[in-house]
Protein chains: 2
Amino acid sequence: MSQEQQNEETPAARFVERFAAELTEAGMQRMAARVFAALLASDSGALTSAELSERLRISPAAVSGAVRYLTQIGLVGREREPGSRRDRYVVHDEQWYETFARRDQLLTRWEAILRDGAGTLGADTAAGARVADTADFFAFLREGMVELLERWRDHRAATAPDR
Amino acid sequence: MSQEQQNEETPAARFVERFAAELTEAGMQRMAARVFAALLASDSGALTSAELSERLRISPAAVSGAVRYLTQIGLVGREREPGSRRDRYVVHDEQWYETFARRDQLLTRWEAILRDGAGTLGADTAAGARVADTADFFAFLREGMVELLERWRDHRAATAPDR
DNA sequence: CGGTAGTTTCACAAACTTGTGAAGTTAAGG
DNA sequence: CCTTAACTTCACAAGTTTGTGAAACTACCG
């Protein structure tokens with residue numbers, strides 16, 4: 001039963017497509033999203049290029065591009081099985097949590113732009129005040145996110161110490 | 001030369017473009033982002049279609065499309081000044097906080113898809129467990145976000161009771 | 001070493017997106 | 001009611017993105 005063939009629409013394949021569609025809508029490149037979802041839904045959490053190509057019905061070129069992106073952002077690792085010429089792509093589901101939640105870089109940038117804008121608009125103007133408020137909000141949000149992530153790490157460590 | 005009405009980049013205009021570019025990169029339609037940023041940086045927090053068209057150098061059609069989107073997601077309101085034929089578009093900066101932070105709908109949807117996927121993959125499989133874990137993470141994140149927003153509202157209420 | 005399985009790069013065509021001008025619609029003001 | 005200012009809709013051209021086939025590259029294996 002370790003035969004994971006999905007020529008027809010298996011439930012697993014449907015899940016992969018559904019979740020990938022969400023990721024895509026949220027801004028991830030389409031092929032990257034599909035590859036990521038496929039890895040997430042695979043039993044070993046790792047697949048070769050050929051397997052991905054077959055399951056997702058895409059060219060090796062598309063797999064290559066998707067994997068390049070995913071490894072760059074740290075969601076996926078590349079491994080080579082000794083004695084084989086094939087790479088295996090492995091989902092890093094721990095870092096995935098971090099990567100996704102760690103949008104603080106984005107928030108930080110926004111905050112900086114807004115602070116700067118508030119300055120040039122003038123603290124005494126309504127526009128300046130409005131923009132400064134918005135900056136405050138993002139600062140608050142960023143701090144909260146960082147704290148939240150920390151809580152997740154603790155929670156996770158308590159629940160499953162060695163994953 | 002003389003035709004060019006303030007083609008100069010005023011600091012305000014620069015802020016508008018910078019912030020709009022960020023919003024765009026984060027996934028908002030370009031024109032919507034520019035319109036929103038322009039409203040945010042305007043003194044009254046409201047502009048007419050003509051003003052937007054002129055400041056952003058875009059066609060009325062583009063303004064129309066952007067505003068339709070922004071009103072749909074609740075970031076902007078439409079008002080008609082009595083005795084005028086012009087609409088005024090008003091930034092809802094309070095709701096904007098909410099709208100932006102309230103990604104819980106997104107998170108909820110993801111969570112649902114992941115739970116469902118975990119079910120079909122089977123709780124006894126490695127893939128099922130991995131996907132269930134991911135669902136847990138999003139559940140945690142969503143709860144945290146909701147709480148965080150609540151804290152912001154309290155904080156805001158304490159700081160500026162009457163906005 | 002040479003053959004070859006596997007991966008990457010590249011140019012390009014197809015598909016999608018975006019902003020526009022112009023025609024169409026609505027309603028205020030005479 | 002008719003005129004006209006203001007907004008919206010629509011078809012389309014320009015621009016961008018995406019995935020592919022094919023060629024180029026890499027490094028295992030005999």
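By convention in this document, chain letters (A, B, ...) are assigned in the order of the sequence lines, proteins followed by strands, and residues within each chain are numbered from 1.
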B:F36 meets the ring pair (Phe, Tyr, Trp, His ring centres under 6.0 Å) criterion, sequence neighbours left out, with B:W96

Does anything in residues 24-33 of chain A form a side chain to side chain donor-acceptor pair (under 3.5 Å)? List the pairs, not counting sequence neighbours. none

Sorted by number, residues from residues 61-72 of chain A placing a heavy atom under 4.0 Å from DNA chain D are A:A61, A:A62

What does A:R34 touch in the nucleic acid at a heavy-atom separation under 4.0 angstrom: a base, only the sugar-phosphate, or nothing? nothing

Among all residues two or more places apart in sequence or in another chain, which pass the side chain to side chain contact (heavy atoms under 4.5 Å, CB included) test with B:S64? none

N/O donor to acceptor pairs below 3.5 angstrom from side-chain atoms of residues 67-79 of chain A, sequence neighbours left out:
| unit_1 | atom_1 | unit_2 | atom_2 | d |
| --- | --- | --- | --- | --- |
| A:T71 | OG1 | A:V67 | O | 2.9 |
| A:T71 | OG1 | A:R68 | O | 2.9 |
| A:R78 | NH1 | A:D87 | OD2 | 3.3 |

First and last nucleotide of DNA chain D touching chain A, 5' to 3', heavy-atom cut-off 4.0 Å? D:dG19 to D:dC29

B:E17 meets the salt bridge (charged side-chain N to carboxylate O under 4.0 Å, His left out) criterion, sequence neighbours left out, with B:R34

Side chains of B:M145 and B:D104 in contact at under 4.5 Å (non-hydrogen atoms): no

Without decimals, in angstroms, what is the distance between B:Q29 CD and C:dT17 C1'? 10 Å

Value in whole Å for how far the C1' atom of C:dA5 lies from CG of A:D87: 12 Å

Could you check if a side-chain atom of B:V35 sits within less than 4.5 angstrom of a side-chain atom of B:L56, using non-hydrogen atoms only? yes

Non-neighbouring partners of A:R115 that pass salt bridge (charged side-chain N to carboxylate O under 4.0 Å, His left out), sequence neighbours left out: A:E111, A:D136

Residues in side chain to side chain contact (heavy atoms under 4.5 Å, CB included) contact with B:A132, at least two apart in sequence or another chain: B:A118

Between the protein and nucleotides 27-30 of chain C, list the N/O to N/O atom pairs that are separated by less than 3.5 angstrom.
| unit_1 | atom_1 | unit_2 | atom_2 | d |
| --- | --- | --- | --- | --- |
| C:dA28 | N3 | B:R85 | NH2 | 3.0 |
| C:dG29 | OP1 | B:G83 | O | 2.9 |
| C:dG29 | O4' | B:R85 | NH2 | 3.4 |

Residues forming a salt bridge (charged side-chain N to carboxylate O under 4.0 Å, His left out) with A:R85, sequence neighbours excluded: none

Looking at A:S49, does any N or O in its side chain come under 4.0 Å of the phosphate oxygens OP1/OP2 on C:dT7? yes

Sequence-distant partners of B:T120, side chain to side chain contact (heavy atoms under 4.5 Å, CB included), two or more places apart: A:P11

For atom CZ of A:R30 and atom C1' of C:dT17, their distance in whole Å: 14 Å

Figure out the CZ/C1' separation between A:R86 and C:dT4, and round it to whole Å. 13 Å

